[in-house]
Amino acid sequence: MAGIQSIGEIYPGFQGSQMNWIDKSGLFLLSNNSNFAFGFRPTQDTTLYLLVIMHMESLHVIWSANRGSPVANSDNFFFGEDGKVSLNKGETPVWTPDIGGKRVSAIKLQDSGNLVLLGNDSNIIWQSFSHPTDTLISNQEFQEGMELVSDPSSNNLTYVLEIKSGDMILSAGFRTLQPYWSIQKENGIQKTINKGSGAVTMASLNANSWRFYDKNKVLLWQYKFADEKAANATWIAVVGNDGFVSFYNLDDGGSASSTKIPSDSCSRPEPCDAYYVCSDNNVCQCPSTLNNLQNCKTGIVSSCDTSKGSTVLMSAGNGLNYFALGYVPPSLKTSLEGCESSCRNNCSCLALFFQNSTGSCFLFDQVGSFKSDMGSSFVTYIKVLSNNANNGSDNGSNKGSPTVVIIIVAATLLVIFSLLYVAFRYYKSKKRLLESPQETSEEDNFLEGLSGMPIRYSYRDLQTATNNFAVKLGHGGFGSVYQGVLPDGTQLAVKKLEGIGQGKKEFRAEVSIIGSIHHHHLVRLKGFCAEGTHRLLAYEFMANGSLDKWIFKRNKEDFQLDWETRFSIALGTAKGLAYLHEDCDVKIIHCDIKPENVLLDDHFLAKVSDFGLAKLMNREQSHVFTTMRGTRGYLAPEWITNYAISEKSDVYSYGMLLLEIIGGRKNFNPTESSEKSHFPSYAFKMMEEGKLREILDSELKFDENDKRVSTAIKVALWCIQEDMGLRPSMPKVVQMLEGLCPVPHPPTSSPLGFRLYSSFLKSTSEEGTSSGFSEHNSDAYLSSVQLSGPR
């Protein structure tokens, strides 16, 4: 039977490995309606495989048999003549369903996506719906005793969703579970008028809501996660390794709902690293009282291991909250002194929160990130190694201890002598080190202790991670980008910067600023290298690459982005830019918005890249990144006409980008007819004539009643107004795209401006560099505008 893709059911005597169905993508059993398939699917390590149930259209995995124990392509799935079922790695079973010793007569994949094992009497003796992994699908009953467990996060933390004590609870999978969301405390819940027991024992996704029932299946509450238009769709809820429960519409290609649980991203355990404070828009900062600790780390590796030295309690200050405080009972009721004493005498205690008004003392044996909350009534203390604490950091907890005083004095003297020694060595070896990119200077070692810095890699680290820069992902104005992977499996995109005009100290200061900016729609900087003449940046890897590969089709057979995905990308990009312009301490002007700088993750979530890099560059750049700090075709007219640039210049570039997303073509294409060669001019003309369909990608299918189509076109045309005063701000663009404010009919932009701009485009070849611009566009003229931040 191996090699044949079965429909509906398989029977005893069936076996095979991924290689047997390689021409079927490893899938050997389809449901009768062909919506679901059962078989092998590769992991991120493409040499290993999971046995999964997958939704065919969206490619979402809804269940996995051997998560955590992937197999090779030669390992076999067995359904023996004796009625036993197993997945083996070599000769060792890695998955066998618990069928209570009964014989399986058939394996059936139902049209609902439920995999069932039938006994001799054709009754179900096992089903995947009763053993979920990290996903629930419409009409699947999630009952008390079941769990959804996420894949591990980058910090090896999992998240657990379960029903217990009459409530559905989402928790961080520390040694002791730490809850951070429950249905009973969710503000968005709708209570029904039914008189049930009030205790939740079962939940299921139905239509556009999550419904919760008591033991008699009386509907108690419902939680709506989508509007009524999607009420008839098939939905899944997924517990992700980012700590969110996300909802996806399988009938719409797996598009994500904007609703997530929890709604406040800072209420998760890991929006930031442990001990860091998450504030609005996922900005992460070390608490001010812990800034003296290297990388905001306590130095405690194992909480009860005393071999590293003694510990003290350090105050983290007021105005902090912790995600679990509203969901766990206090460890004890006492005074602040009693709470401190309990933590100090319990080696497992790593942090405490104390509420003076109630005397509630909360002790935690593992810690995630904290949340900024100026209205918080808690005081916070963190246990650190005593040799990491500075004088007075214990807030009186160990006053009078001669041992602590001696340690602090000795440490201070050691630091002073070390600094003198480093300064001497640096002065003696400075010239030699500047000429040798392979050696690490004393300055590097000194700066490594600066707080707030992203991870510092050596050049050899990144050379090894990229296999000597073997796989090139792309090339842009800032340099080439290579695919890399760290020893722990983390994938990276490593950018080798070209044309750097700064020394190591200045470069690292700017990188620390870029690395401190965290937002859902901005590519995250993971680390950097500043060694000799080498300047490299290590970013999170974005599986689907840059946007230009998806909207500028080279062949008719290329994958077509649907309207929903395009709109989501446009909105996400706008949100990222709005954050850079308005929510950083000092606004950041990107200066190079274009499809190549919008990257897409494996779910086509858009993230803006290369923000803040303009300040790292020399004025003289490659043929793409011009002396004006931008890319031809996306530059605002003020770059050309001697006016100062501002964030409105980014708005113009975004408008040009949005037009390309809508039209599926470049804004200037000399192969088109004269009327269509300059797409913005043509779009204005078609808008005036009411022919919106002529502006859209001719192959794009969309709902004629979807108002977002005309909204997006009008927003794009507002953004590319020649008069920068007429352009909306990026936060306003977000509001217009989300339908929160009306979008009036845009005025026709100056024909003179378009002639000027299009003639400028035509006058520069694809490989040439523009020149001859006024000194008003020089770095001196830009001095009033920050090109990186926040400060």
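Inter-residue side-chain proximity for I99 and V104 is flagged as met; some heavy-atom pair is nearer than 4.5 Å. L136 has its side chain out of reach of W235: every pair of non-hydrogen atoms, C-beta onward, lies at least 4.5 Å apart. Counting heavy atoms from C-beta outward, F14 and S6 have side chains that approach closer than 4.5 Å. At least one side-chain heavy atom of L561 sits under 4.5 Å from a side-chain heavy atom of I551. Looking at D373 and L320, their side chains never come closer than 4.5 Å, going by heavy atoms from C-beta outward. For the pair L599 and L547, the minimum side-chain heavy-atom distance is 4.5 Å or more.
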Could you walk me through whether E141 and R211 satisfy the salt bridge (Lys or Arg N to Asp or Glu O under 4.0 Å) test, starting with their C-alpha distance in whole Å, then the side-chain angles of each, then the deciding distance to 0.1 Å, before giving a yes or no?
CA-CA 10 Å; E141 292 188 355; R211 302 187 181 186; over 6 Å; no

Dump the intermediate steps for ring-ring contact (aromatic ring centres under 6.0 Å, His included) on F212 and W210, then the final yes or no.
CA-CA 7 Å; F212 300 84; W210 209 344; 5.7 Å; yes

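A 6.0 Å sphere centred on NZ of K297 holds more than 12 heavy atoms belonging to other residues, nucleotides or ligands. Within 6.0 Å of the NZ atom in K84, the count of heavy atoms belonging to other residues, nucleotides or ligands does not exceed 12.
In this model, C266 has its SG atom within less than 2.5 Å of the SG atom of C278.
In terms of modelled atom types and a separation under 3.5 Å, the side chain of S86 and the main chain of P93 share no donor-acceptor contact. The backbone N or O of F129 lies less than 3.5 Å from a partner atom in the side chain of Q140, making a donor-acceptor pair. Between the R566 side chain and the I661 main chain, a donor and an acceptor come within less than 3.5 Å of each other. Listed for the R268 side chain is a donor-acceptor partner under 3.5 Å among the backbone atoms of D242.
Aromatic ring centres of F370 and Y276 lie farther apart than the 6.0 Å criterion allows.
Salt-bridge formation is detected for the pair E540/K607: a Lys NZ or Arg NE/NH1/NH2 atom is positioned less than 4.0 Å from an Asp or Glu carboxylate oxygen. The existence of a salt bridge linking R708 and E564 is confirmed by a sub-4.0 Å separation between a basic side-chain nitrogen and an acidic carboxylate oxygen.
Relative ring orientation between W21 and F40 is described as parallel, the plane-to-plane angle staying below 30° on a 0-90° scale split at 30° and 60°. Taking the six-membered ring where tryptophan is involved, the planes of Y180 and F323 are perpendicular, since the angle between them exceeds 60° and thus also 30°. Classification of the W63-W126 ring pair by plane angle, with boundaries at 30° and 60°, yields perpendicular.
Taking both residues in full, the closest heavy atoms of L170 and V245 are given as CD2-CG2, 3.8 Å, listed atom of the first, atom of the second, then distance.
K185 forms a cation-pi arrangement with Y327, by the criterion of a distance under 6.0 Å to the ring centre and an angle within 45° of the ring axis.
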